[in-house]
Chemist: 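I'd like to ask you about the structure that follows.
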Amino acid sequence: MGAAQGGYTKRYDRGFRLNLVRRTGSGRAAEVWGRTAVPWDTAYCHLGLAAAARAATEQLAGREEHRRHRLERIVLQSVPVNLFQAALASAFRFGWLC
């Protein structure tokens with residue numbers, strides 16, 4: 001088995017496992033495994049993990065938007081400082097302020 005085949009196989013297996021964990025947590029494993037997984041689906045549906053995951057995702061998305069805006073403000077505020085430092089460094093490098 002070549003390196004490329006091994007990588008493909010690992011990715012495929014990882015994708016299958018992630019899909020199975022996602023379905024199990026949301027109470028939908030029976031879609032893959034059939035009737036044998038119905039008791040597990042019932043138990044996981046009562047836990048409410050899918051709704052909790054959706055709520056957490058929405059909350060994190062809001063925080064991420066806030067963080068992005070804060071980062072943009074910091075970057076925009078630091079641009080004049082960076083330009084000044086670059087101008088000062090070039091002035092010293094060329095001997096204008098000696």
Side-chain angles (χ1 to χ4, degrees):
M1 179 184 301
Q5 278 183 318
Y8 172 78
T9 305
K10 287 179 184 177
R11 285 191 307 271
Y12 183 79
D13 182 52
R14 180 70 174 153
F16 175 78
R17 285 186 283 144
L18 287 172
N19 188 22
L20 184 61
V21 167
R22 181 181 55 83
R23 287 181 187 271
T24 302
S26 63
R28 295 176 37 219
E31 294 175 3
V32 176
W33 297 108
R35 292 182 182 174
T36 58
V38 170
W40 287 99
D41 284 354
T42 305
Y44 277 104
C45 280
H46 290 301
L47 289 176
L49 295 176
R54 277 192 298 276
T57 302
E58 291 172 6
Q59 184 180 14
L60 288 173
R63 286 185 187 170
E64 199 60 38
E65 185 71 18
H66 177 69
R67 285 184 185 152
R68 187 177 63 79
H69 286 301
R70 282 181 43 206
L71 182 60
E72 285 176 355
R73 281 197 313 264
I74 290 170
V75 168
L76 289 175
Q77 290 171 354
S78 65
V79 167
V81 173
N82 293 339
L83 289 175
F84 174 74
Q85 288 175 345
L88 193 60
S90 65
F92 277 110
R93 189 172 344 132
F94 294 114
W96 297 338
L97 296 175
C98 292

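Side-chain atoms are counted along with the backbone in the values below, which use heavy atoms only and exclude waters and symmetry mates. From a predicted model like this one, the values you see are computed outputs, not experimental measurements.
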Chemist: Determine whether more than 12 heavy atoms belonging to other residues, nucleotides or ligands lie under 6.0 Å from atom CZ of Arg17.
Modeler: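 Enclosed.
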
Chemist: I need the minimum non-hydrogen distance between Arg23 and Val32, along with the two atoms involved.
Modeler: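 Shortest heavy-atom contact: CD-CG2, 3.4 Å.
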
Chemist: Would you kindly confirm whether Val21 and Trp40 end up in one hydrophobic cluster when ILVMFWY residues are joined by side chain heavy atoms under 4.5 Å apart?
Modeler: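 No, no single cluster joins them.
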
Chemist: Distance check, rounded to the nearest 0.5 Å: Ser26 atom OG versus Glu31 atom CD?
Modeler: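 Here the interatomic distance stands at 7.5 Å.
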
Chemist: Kindly give the heavy-atom pair with the smallest separation between Arg22 and Asn19, and that separation in Å.
Modeler: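 Minimum heavy-atom contact is NH2-OD1, 2.5 Å.
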
Chemist: Please name the residue in the list Val38, Thr24, Leu20 that meets the side chain to side chain contact (heavy atoms under 4.5 Å, CB included) test with Trp33.
Modeler: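 Going through the options one by one, the only one that passes is Leu20.
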
